[in-house]
Amino acid sequence: MDTTEEQPGGIERRMVHRLLTLWRDARGEGPMPTLAAVLAQDLADILPDMYVIALPPGGGEPTFERLGPAIAEEIAADLVGEPLSAVPEGCLLKQALECVGEVVDRKVPMTRGGEFTNTRGQTILFRGIIAPLGDDAGSMRYLLGAANCKVVDAAA
Amino acid sequence: MTRTVSYEIYTQRSEGWFIDSVHDDKNHALFEARKLLESPRQTAIKVVEEKYDDETDKTISTTIFNEERGVVRDRPKNYRPEQKPDLFPRDAVERTKKDDTDFVGYLVKMVLVIGGICLALIGAGMLYMNFVGG
């Protein structure tokens, strides 16, 4: 049996697949979709785990444009308008943002996952995706991200 | 020694292969590739495994998936799918239309020429009858 025919395992992989599919649908024939085109899609189940990063037109450090409630709740702070460096260590968002530079360089969606230890000493499995968003002229203006995780059961 | 592995999905367009997305998980990349191949917009998909060795500073690329819609193959990484034969090439269609037009023109000319000759013969016959009769 070819397991790759099945839905990717775990809620975190399903979310990544769904966001990537929505991103592709919104993109059409262009290199990347606009933020408006993505937000026009049915994102209801992804919104809590989603975030949007604004890329300053003249360079400089990107800042958070939107943060889903699940992401914001984990870091217990409202980082909208704040730079990426404001994200605290030991949280899901910090791990998820590790491929931001590569997405900006390559201008293609990237998915990554892994394991980390959070501030409470729990081992966390996570998976995330970051995809580029453009403006009407095709220049990259935002990054769309989503990430979720689960605590690894110590008894498992 | 650290080895970084990533899986790049490429889609084929008329201009060549274009990168679609990059994944750190092989099964997820293969899943996405198969899903993409189901899309009516895609004709061919491949997944390239990129292994970077920081000790040697070299990247080894291996194509681990390469499929066209309805065709399963195992091909080398630098393979470029051959052009499919166009069953209805535009120039052939235009040529056929041109041939049709030429043929109609030829028929018209032939009718006019034969008609002309017949008329001339009839005229000549009538003159001859006048001479003989007169």
Side-chain angles (χ1 to χ4, degrees), chain A residues 1-33 95-116 125-133 143-148, chain B residues 2-54 57 59 61-75:
Chain A
M1 184 179 71
D2 188 352
T3 54
T4 57
E5 290 290 345
E6 299 167 354
Q7 184 77 359
I11 188 169
E12 63 280 358
R13 278 185 175 169
R14 284 196 290 275
M15 181 205 66
V16 165
H17 169 66
R18 207 167 115 61
L19 190 63
L20 190 51
T21 304
L22 289 169
W23 182 88
R24 287 191 188 114
D25 288 345
R27 174 183 60 177
E29 296 298 320
M32 61 186 91
Q95 302 297 320
L97 291 174
E98 277 192 9
C99 61
V100 162
E102 208 169 341
V103 175
V104 170
D105 288 344
R106 304 189 70 174
K107 298 181 177 62
V108 292
M110 296 190 75
T111 71
R112 71 178 295 271
E115 198 177 286
F116 71 99
L125 275 177
F126 78 97
R127 183 147 288 278
I129 175 171
I130 300 178
L133 298 173
L143 298 176
L144 173 70
N148 60 11
Chain B
T2 307
R3 275 189 179 170
T4 312
V5 185
S6 64
Y7 300 89
E8 299 177 347
I9 298 180
Y10 289 84
T11 60
Q12 193 185 37
R13 296 184 200 165
S14 54
E15 315 93 80
W17 289 100
F18 284 83
I19 190 164
D20 169 83
S21 51
V22 180
H23 308 265
D24 68 341
D25 183 273
K26 183 179 178 179
N27 282 339
H28 189 79
L30 291 172
F31 173 83
E32 291 292 342
R34 289 183 197 282
K35 281 289 172 192
L36 263 177
L37 205 55
E38 290 173 11
S39 163
R41 272 189 264 178
Q42 307 297 343
T43 55
I45 305 288
K46 68 180 177 180
V47 178
V48 177
E49 181 185 70
E50 295 276 338
K51 275 187 186 168
Y52 173 72
D53 188 334
D54 71 347
D57 194 28
T59 302
S61 302
T62 312
T63 301
I64 60 168
F65 177 97
N66 189 346
E67 289 189 14
E68 280 184 42
R69 183 187 302 283
V71 181
V72 180
R73 296 177 308 209
D74 187 21
R75 290 173 173 157

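Protein chains get the first letters and strands the later ones, always in sequence-line order, with residue 1 at the start of each. These values consider heavy atoms only, across backbone and side chains, with no hydrogens, waters or symmetry-generated copies.
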S.K.: Which residue out of H23(B), R13(B), E8(B) racks up the most heavy-atom pairs below 4.5 Å with chain A?
M.R.: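 Top option by heavy-atom pairs under 4.5 Å: H23(B).
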S.K.: Strictly by modelled atom types, are E50(B) and S6(B) linked by a side-chain donor-acceptor pair under 3.5 Å?
M.R.: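 No, no side-chain donor-acceptor pair sits under 3.5 Å.
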S.K.: With a 4.5 Å heavy-atom cut-off, do I9(B) and I45(B) have their side chains touching?
M.R.: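 Yes, at least one pair of side-chain atoms sits under 4.5 Å.
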S.K.: Could you tell me if the ring centre of F126(A) sits under 6.0 Å from that of F116(A)?
M.R.: yes
S.K.: Pick one of side chain, backbone, both or neither for L20(A), based on which atoms fall under 4.5 Å of a heavy atom in chain B.
M.R.: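 For L20(A), the side chain is the part near chain B, not the backbone.
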S.K.: Under a 4.5 Å heavy-atom cut-off, does chain B meet the side chain of E102(A), its backbone, both or neither?
M.R.: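 Neither part.
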S.K.: Salt bridge between D20(B) and K46(B), side-chain N to carboxylate O under 4.0 Å?
M.R.: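 Here D20(B) does not pair with K46(B) in a salt bridge, since their nearest N and O are not under 4.0 Å apart.
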